[in-house]
Amino acid sequence: MKYNEYKNLDYARVGEDILKYWKENRIFEQSVETREGQPTFVFYEGPPSANGTPGIHHVMARAVKDIFCRYKTLQGFQVNRKGGWDTHGLPVELQVEKELGITKEDIGKKISVEEYNARCRETVMRFKSQWDDLTEKMGYWVDLDQPYITFENDYIESVWALLKKLYDKGYLYKGYTIQPFSPAAGTGLSSHELNQPGTYKDVKDTTIVAQFKVKQNEASEKLFTAANSDDVYFLAWTTTPWTLPSNSALAVGKGIRYVQVKTFNPYTHLPVQVILAKDLIGRFFSEKSAGLKFEDYKPGDKQIPFEVVAEYVGSDLNGIEYEQLMPYVQPDTPAFRVIIGDFVTTEDGTGIVHIAPTFGADDFRTAAQQNIPAITVVDDMGKAVPLVDRQGRFVPEVTDYAGKYVKNYDGQDESHADYKTVDVQIAIKLKEENKAFKVEKYEHTYPHCWRTDKPILYYPLDSWFIKTTSVKHRMIELNNTINWKPESTGAGRFGNWLENLVDWNLSRSRYWGTPLPIWRTEDGTEEICIGSIEQLAEEIDRAVDAGLMAEPLPASFDLHRPFVDNIILKSNHGKPMYRETDLIDVWFDSGAMPYAQWHYPIENKDQFKKNFPADFIAEGVDQTRGWFFTLHALAVMLEDSVAFKNVIANGLVLDKNGNKMSKRLGNAVDPFETIGKFGPDATRWYMIVNAPPWDNLKFNTDGVTEVQRRFFGTLQNTYSFFALYANLDNFTFAEAEVPVERRTESDRWIISKLNSLVKVVENYFDDYDPTKAARAIQDFVTDDLSNWYVRLNRKRFWKGEYNEDKMAAYQTLYTCLETVAKLASPIAPFYMDQLFLDLNKVSGKSNSQSVHLERYPKAVENLIDADLEERMALAQTISSLVHSLRKKHTIKVRQPLSRIMMPVLTDKMREQIAAVADLIQTEVNVKNIEFMDDSSAVLVKKIKPNFKRLGQIFGPKLKVVGAAIQGMSQEDIATLERENGFAFIFDEKEEVIITPEDVEISSEDIPGWLVASEGKITVALDTTISEELKQEGIARDLVNRIQNLRKDAGLEVQDKINLEIESENADVKAAVDYFRNYICEETQAVNFEVKNGIENATEIDLDGMLLKLGLTIAK
RNA sequence: GGGCUUGUAGCUCAGGUGGUUAGAGCGCUACACUGAUAAUGUAGAGGUCCGUGGUUCGAGUCCACGCAGGCCCA
């Protein structure tokens, strides 16, 4: 049996072949089955949506997931990976609407809800086969055969069951949220409808800077100290004066600077003191008025004097109370105070923002967080409603403006002289009451309803909520136990989000989604939340008995709209109950997957228990407030637990210029094309090795090419090298392993390095840092294994008998390759499996059918030898220095030299170098390494201050001391070393003593020699070339030329040859004479004749020495 | 506008707790090597460490304020 040898390996082909092999041998299934009974590693698949085609970023995200699942499998864990599909939601609906050429308005009219939803169901899985294809081709192992699908009845039923649990715990309630609303059309608008072209228009509105009078009490005392007897007001600007009756708070920016200004109201001319942002004084007070005297002011003067009397920061003002501006309706709980708002700026207005929680999303959110009530009235149904009704008119309680439209919704002629908007009427009233500081027209853009062209209002609309705020504290607490990669996403983005948590708005007014399972009586006094199909059937039976329904629930029933909408249930008091028409947020669907993927809690209790919470999940960072949040929120509320213990939030995949990929711009990278061209392994390896997953990746195929060449090319070369000679020698790893202590220094070194590698890679994987793992593996393969170990040991493989040393070399290299295959298999699953299989096919060392069924290698501590690794590093540095010296003096490596000399300052260093002397000598072609120490007395030493140490001792004096140290003479340094101390005298009095620990002494120069140094290592090269050395150089040159001839003649490595040589040159003759055996051995010549008149001779020029060579195959 | 994040050589990236000469790979140039050869070695060119201020004897590193890109949220 031979090791496979490849000419021009096709990496894409490797992917295809191995994929076929996996399928035929059920490797994925086996990797789960063979771990039966072992501890589980729980992974959750964040469901993608198959209504679009997959992109290259999906390869990235899924590579990250796959890596850790494979790694944990190698470690012996059982890792079930259930696939899943996210099927509900707006993108699906929009796509369907686009394809049908309809709008939301047409649903239920031009097309029935039933047909519409059928269309959605069909559309959402349209690209499933493409997704499945990519999943396989990129090597993402996930169970595609039994995925969870969010639109299936079982899934929806689970979601209902969870909703009911939340309902029973009191977490579900009906409230309102501020949404764009068109009073003219009587409907809410989605944000996407608001983004239609033409909805934002320039309009001129009356704006008011209102004066809110500060209440004098303990909290506000500081304002009045500055004010003497004047009244103090907050100034706040609004472009929607009709919201002023609904004001219940004022918001300031925490860090913004505010001033208190003494002046006069321009309309009433009364003395006032007003508070506004310091940066905005110029907007309200003219420079020209700066020096005016207050006693000179007469009512009506154009120039109004002003004076800054005090200054505050926003946090100083927090909590100060003020009098209600337009007291039509009183709130139930305390309001009218200053709060901190994160959205406050000094871009425009006054730096103080008027808050009307019923008419602004920021207002609503901030007020809710800081316990500020909204101003509402109670309607006929006993429900709290805002001061403006759904037609856009003030309610009767706002007496002065009752029934008036807040915008021109009733088509009045605005050009008429008597036309006054409600905003203007409010402005007039406030001016009269000394409550307006400035009134002016202001042009700005304002959104309009795309159907009616009338301005929209931000308006509270009914919504169902989950009371996440009630578990906020627990969510934060549990979040702190989650290992986030990167940490900042957990602490920052996610942590801040939790800190500012508001209740989860569950309602969506759509058609294709999980229906909210709540039925209510028309007056809202009775309701029921349904938690299962069984319960629904029972309730329907009751309704049938009461005559509300005609038939019981059929055996097969779709839980979507419109079918559930047609169900009418019977309340306890016998009234009919209708379903709340809302669908739920699709994020609830995906957040419910830990439960619903098993149809839990309806069934599969054990399955669920075994698979909750997840050990690991990974998705894009954009999921922080999406999937990560909903998973966490549901787990905390339902199970009082985290949903996941470790999470990687990966970044975006951008194009090579750092721009977002988009199909529209045409810069999107096709994953099939990339994998087809470079193969899945190089693609994955590039993505992982290039940057940590949580950084954005600038995807550049040049990088994939580089990875393919540098890493896979080198590894493959190394394998080919091994296979070539192992096949010649029939090495099958049949013999017992050569004991490590009988192996060479370099064998033990690479084994030590290998074991160190196993350790660090394990640590990196355990730390969920695949990039560092990949880089460590790559460095090992390219630098240690290929460029050093193999290069230094080439001869051992192709020269001489199949003896123990050769066996040791094969075994060592085999072990390295096999171990690398295992270590790297999570990242490059196809290629590494091929490598493993190619090796194992011959050796039969393992019974596994795949590297993915293997166990992760264990590092053997006593094979790791730090001293050995250190001295090999020394050998590398020294070799590099000698190469550099040879280069400088143009002495080629083939020319042997007699010796190098090295100053050594410690015995340890001498021992270390002596141990690797052979290697160095071979590598740089010198005969001897000699050491020098202090006793040789020719060393020139260099001294360098240890700044870190000296800085701590001398602080500011470091500059002088440092300079003094660097100025020390050779004698000074000798004194310091001899007496373990050296004294400087500064300014003729101050004595400073330094010790050898305060400095670093190195030897840098040897007078009369060629030297090179790096760090503490200095090498001197003896460049004298004796006659004998010269001849040996010629011999080596000859060998080189003969080898070239062999190669040119197309000889195989093992072919023997006859040699003939002819030359007049005495040196050549001498070299041939003296090194005949050496030349024969190196070139596998069985005969070597010096003669004249060679047939078919090749003429050779060795640095000016001419000769002729004849070469024939020896039979 | 807010939160988070990134900014180091032409490109992709390293640079624990501050230490004086900022590194690697690729690319470029030159030379060498040649039974791993579409490989390899050596050397060279290439840096306002995004900017400005500050702390410090000393800042790529710490602080503040900006600038530019990105994500999420408004």
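Sequence lines set the chain letters: A, B, ... in the order given, protein chains first and strands last, and positions in each chain run from 1.
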Any non-hydrogen side-chain atom of [X] less than 4.5 Å from a side-chain atom of [Y]?
| X | Y | result |
| --- | --- | --- |
| A:Leu813 | A:Thr718 | yes |
| A:Val669 | A:Asp655 | no |
| A:Leu839 | A:Phe722 | yes |
| A:Ile1025 | A:Leu897 | yes |

* Asked: Where each residue is assigned the nucleotide of RNA chain B containing its nearest heavy atom, which of A:Leu697 and A:Leu792 is assigned the position nearer the 5′ end?
  -> A:Leu697
* Asked: So which one's nearest nucleotide on RNA chain B is more toward 5', A:Leu652 or A:Tyr789?
  -> A:Tyr789
Take atom [atom1] in [N] and the same atom in [M], then report the distance between them in whole Å.
| N | M | atom1 | result |
| --- | --- | --- | --- |
| B:G51 | B:C57 | C1' | 26 Å |
| B:A39 | B:G27 | P | 9 Å |
| B:A9 | B:G23 | P | 14 Å |
| B:C50 | B:U61 | P | 8 Å |
| B:G53 | B:A59 | P | 13 Å |
| B:G47 | B:C33 | C1' | 32 Å |
| B:U55 | B:A45 | P | 37 Å |
| B:A36 | B:G44 | C1' | 27 Å |

Rounded off to whole Å, could you give me the [atom1]-to-[atom2] distance for the [X] and [N] pair?
| X | N | atom1 | atom2 | result |
| --- | --- | --- | --- | --- |
| A:Asp702 | B:G10 | CG | C1' | 13 Å |
| A:Trp627 | B:C72 | CH2 | C1' | 18 Å |
| A:His883 | B:G44 | NE2 | P | 16 Å |
| A:Tyr11 | B:A38 | OH | C1' | 11 Å |
| A:Leu885 | B:A32 | CG | P | 18 Å |
| A:Lys485 | B:U5 | NZ | P | 14 Å |
| A:Leu501 | B:G2 | CG | P | 22 Å |
| A:Ile965 | B:C57 | CD1 | C1' | 13 Å |

[X] near the nucleic acid: base, sugar-phosphate alone, or nothing, with a heavy-atom cut-off under 4.0 Å?
| X | value |
| --- | --- |
| A:Ser488 | sugar-phosphate |
| A:Tyr719 | nothing |
| A:Gly951 | base |
| A:Val893 | nothing |

* **Quiz item: A:Ser786 side-chain donor-acceptor pair to B:A36 base, under 3.5 Å** => yes
Distances under 3.5 Å between nitrogen or oxygen atoms of protein and nucleotides 14-17 of chain B:
unit_1, atom_1, unit_2, atom_2, d
B:A14, O5', A:Arg775, NH1, 3.4

Find the partner of [N]: check Watson-Crick (N1-N3 plus N6-O4 or O6-N4) and G-U wobble (N1-O2, O6-N3) distances, both under 3.5 Å, and reply none if neither fits.
| N | result |
| --- | --- |
| B:A24 | B:U12 |
| B:G1 | B:C73 |
| B:A43 | B:U29 |
| B:U52 | B:A64 |
| B:U37 | none |

* Spacing of A:Thr468 atom OG1 and A:Phe629 atom CZ [to the nearest 0.5 Å] -> 5.0 Å
* Working to the nearest 0.5 Å, report the span between OG1 of A:Thr771 and OH of A:Tyr764. => 11.0 Å
* Asked: Does any donor atom in the side chain of A:Tyr6 or A:Asp838 lie under 3.5 Å from an acceptor atom in the other side chain?
  -> yes
* With a 6.0 Å cut-off on ring centres, are A:Tyr11 and A:Trp685 close enough? -> no
N/O-N/O pairs, protein side and nucleotides 23-26 of chain B side, under 3.5 Å:
unit_1, atom_1, unit_2, atom_2, d
B:G25, O2', A:Glu706, OE2, 3.3
B:C26, O4', A:Glu706, OE2, 3.2

* Indicate the ring-plane relationship of A:Tyr810 and A:Phe731, choosing parallel, tilted or perpendicular according to the 30° and 60° boundaries. => parallel
* Structure fact -> ring pair (Phe, Tyr, Trp, His ring centres under 6.0 Å) filter on A:Trp237, not counting sequence neighbours, yields A:Tyr442
* Asked: Does B:U12 have OP1 or OP2 sitting under 4.0 Å from an N or O in the side chain of A:Lys698?
  -> yes
* To do: Give a yes/no on whether any side-chain N or O of A:Asn787 is located under 4.0 angstrom from OP1 or OP2 of B:G41.
  => yes
* **A:Arg791, nearest nucleotide to its side chain (from B:U42, B:C72, B:A36)** => B:A36
Please write out each protein N/O paired with an N/O of nucleotides 64-69 of chain B under 3.5 Å, distance rounded to 0.1 Å.
none

* Structure fact -> Contacts of A:Ser746 meeting side-chain hydrogen bond (donor to acceptor under 3.5 Å, both in side chains) (sequence neighbours excluded), chain-then-number -> A:Thr744, A:Asn793
* Asked: What pairs with A:Asp695 under side chain to side chain contact (heavy atoms under 4.5 Å, CB included), at least two apart in sequence or on another chain?
  -> A:Ala691, A:Pro692
* Asked: When you measure from the side chain of A:Asn500 to the backbone N and O of A:Asn496, does any donor-acceptor pair fall under 3.5 Å?
  -> yes
* Answer yes or no: are there more than 12 heavy-atom neighbours, outside A:Lys472 itself, under 6.0 Å from its atom NZ? => yes
